[in-house]
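This report refers to the structure that appears directly beneath it.
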Amino acid sequence: MTADRPPLAEGVPDRLYGRRRGHPLRPRQERLLSLALPRIRLTAAEAAQAPALFQGAKDLWLEAGFGGGEHTLALRAAHPGIALIASEVFENGLCSLLTRLVPEGEEATAPVPERLRLWPEDARHLLGLLPADALGRLYLMFPDPWPKARHAKRRFVQPATLPAVARALRPGAEWRIASDDPTYQAWVEEVLLSGQRFFTLASEARGARPEGWFATRYEAKAIREGRTPRYWTFRRTDAPA
Ligand SMILES: C[S@@+](CC[C@H](N)C(=O)[O-])C[C@H]1O[C@@H](n2cnc3c(N)ncnc32)[C@H](O)[C@@H]1O
């Protein structure tokens with residue numbers, strides 16, 4: 001364990017099974033990761049001070065697994081007063097968002113975007129570093145489904161992880177989840193609603209994306225390939241974590 005890797009709940013494998021690297025990085029991408037990312041990334045020490053770190057922000061939200069970052073940018077544009085932490089472990093995804101945040105040639109000098117920090121590590125560790133009740137919203141958009149039963153422990157949504165998610169969200173806060181995978185869809189409801197301890201279902205939609213939600217690259221792929229996305233808003237209960 002290191003400072004930015006607090007232990008995960010018992011039984012949750014402390015490793016990521018998805019890809020960290022894809023295509024070889026181009027020079028601009030190398031510069032974004034080596035020069036821009038260290039300035040924009042949230043440190044473990046800063047995570048422990050959030051949300052006070054974002055002075056003047058109306059609230060603090062977290063997006064876990066932002067992929068190419070389109071959804072993160074849409075959220076920022078629609079909610080300029082909200083501070084956002086955006087987490088992704090896939091280097092090409094990080095580069096994709098950074099490309100749109102940092103002008104070419106200014107990787108070492110561009111100002112850090114207001115009210116946005118990146119967490120280029122496992123978002124589950126970040127949950128353990130944030131103070132209790134830090135977040136007003138958590139977005140989990142089209143998480144890797146790991147549909148085989150023997151891989152269920154790899155899913156982000158996990159009975160053993162619920163207390164950590166619940167601790168970071170304040171009572172009344174929202175956990176928004178979208179998925180196009182039928183196994184994961186059933187799993188989300190089974191895990192989130194079975195004990196009724198931490199979350200209640202505030203709203204649910206299938207097919208058409210609800211008002212106020214934003215498109216993602218995986219959503220577009222799912223629809224192109226004939227799958228039906230589902231979208232849930234769960235609300236953190238007042239129950240003690
Ligand atoms: C299926 S993709 C969806 C990407 C994006 N949300 C979208 O809808 O287009 C899931 C993403 O989550 C990332 N991811 C998986 N586990 C993660 C974790 N524990 N912390 C942060 N990112 C994670 C993966 O690298 C991958 O890019």
Side-chain angles (χ1 to χ4, degrees), residues 12 16-19 61-79 82 84-90 93 122-124 127 135-166 168-237 239:
V12 178
L16 283 164
Y17 292 89
R19 291 186 304 168
W61 298 352
L62 167 64
E63 178 171 4
F66 63 70
E70 307 82 9
H71 182 266
T72 313
L73 293 173
L75 269 185
R76 252 168 82 68
H79 302 280
I82 302 290
L84 257 184
I85 303 173
S87 172
E88 176 54 59
V89 290
F90 185 47
D122 190 330
R124 298 172 305 171
L127 291 171
L135 300 174
R137 248 183 228 186
L138 169 63
Y139 281 91
L140 184 67
M141 301 298 290
F142 300 89
D144 297 319
W146 299 112
K148 291 184 183 148
R150 68 190 157 89
H151 292 152
K153 284 263 163 64
R154 301 180 181 185
R155 300 174 191 156
F156 192 103
V157 170
Q158 205 56 245
T161 306
L162 285 197
V165 178
L169 288 168
R170 81 179 67 92
E174 292 181 3
W175 186 2
R176 293 194 179 193
I177 306 178
S179 176
D180 60 304
D181 180 89
T183 305
Y184 209 91
Q185 292 173 344
W187 174 256
V188 163
E189 293 193 338
E190 182 188 324
V191 173
L192 272 286
L193 299 177
S194 58
Q196 293 286 337
R197 190 165 155 227
F198 296 114
F199 295 94
T200 52
L201 182 61
S203 67
E204 195 256 333
R206 57 185 86 202
R209 185 182 337 116
E211 170 110 29
W213 289 60
F214 301 99
T216 84
R217 203 180 284 186
Y218 267 79
E219 177 196 65
K221 184 168 182 269
I223 293 168
R224 263 196 324 272
E225 294 174 2
R227 291 186 295 280
T228 305
R230 290 181 67 184
Y231 309 84
W232 299 264
T233 299
F234 295 97
R235 200 173 293 288
R236 170 76 168 99
T237 61

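Each residue takes its place number in the sequence, starting with 1.
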Handout entry: Within-4.5 Å side-chain heavy-atom neighbours: Arg124 and Phe156
Key = yes

Exercise for the section: Give me the ring orientation class for Phe214 and His71: parallel if the planes are under 30° apart, tilted from 30 to 60°, perpendicular past 60°. Expected result: perpendicular

Fill in the blank from the handout: Shortest non-hydrogen pair, Ala178 vs Pro143, comes out as O-CD, 3.2 Å

Problem - Side-chain (Thr161) to main-chain (Val157) donor-acceptor, under 3.5 angstrom - result: no

Handout entry: Distance, nearest 0.5 Å, that separates CG of Leu135 from CG of Leu84
Key = 10.5 Å

Exercise for the section: Evaluate the criterion side-chain contact (heavy atoms from CB on, under 4.5 Å) for residue pair Trp187 and Gln158; output intermediate values, then yes/no. Expected result: CA-CA 9 Å; Trp187 174 256; Gln158 205 56 245; 4.0 Å; yes

Problem - Side-chain touch Pro229/Phe142, heavy atoms, less than 4.5 angstrom - result: yes

Practice task
Identify the two heavy atoms, one from Thr228 and one from Gln185, that lie closest to each other, and give their separation to 0.1 Å.
Solution key: O-NE2, 2.9 Å

Problem - Euclidean distance, Arg76 CZ relative to Ile82 CD1, rounded to 0.5 Å - result: 12.0 Å

Completion exercise
Value for NE2 (His151) from OG1 (Thr183), rounded to nearest 0.5 Å, stands at 13.0 Å

Handout entry: Beyond-backbone contact of Arg170 with Arg236, side-chain heavy atoms, under 4.5 angstrom
Key = no

Practice task
First locate atom CG of Leu75, then atom CE of Met141, and finally report the distance between them rounded to the nearest 0.5 Å.
Solution key: 8.5 Å

Problem - Point-to-point distance, once rounded to the nearest 0.5 Å, from CG of Leu201 to CZ of Phe234 - result: 5.5 Å

Handout entry: Shortest non-hydrogen contact between Asp144 and Tyr184, atoms and distance
Key = O-CE1, 3.7 Å

Problem - Side-chain heavy atoms of Phe198 within contact of Leu169, under 4.5 Å - result: no

Problem - Residue pair Arg197 / Thr237: nearest heavy atoms and the distance that separates them - result: O-OG1, 2.9 Å

Exercise for the section: Before giving the answer on side-chain contact (heavy atoms from CB on, under 4.5 Å), spell out for Ser179 and Trp232 the whole-Å C-alpha distance, their side-chain angles and the decisive distance to 0.1 Å. Expected result: CA-CA 9 Å; Ser179 176; Trp232 299 264; 4.2 Å; yes

Fill in the blank from the handout: Which of Val191, Leu193, Val165 passes side chain to side chain contact (heavy atoms under 4.5 Å, CB included) with Phe199? It is Val165

Handout entry: Separation between CD of Glu174 and CH2 of Trp61, rounded to the nearest 0.5 Å
Key = 7.5 Å

Problem - Distance-minimising heavy-atom pair for Phe66 and Gly93 - result: CE1-O, 3.7 Å

Handout entry: For Asp122 against Val89, the heavy-atom pair lying closest together
Key = N-CG1, 3.6 Å

Practice task
Report the residue from Arg209, Arg227, Arg230 that forms a salt bridge (charged side-chain N to carboxylate O under 4.0 Å, His left out) with Glu219.
Solution key: Arg209

Problem - Student check: side-chain heavy atoms of Trp175 and Val188 closer than 4.5 Å - result: no

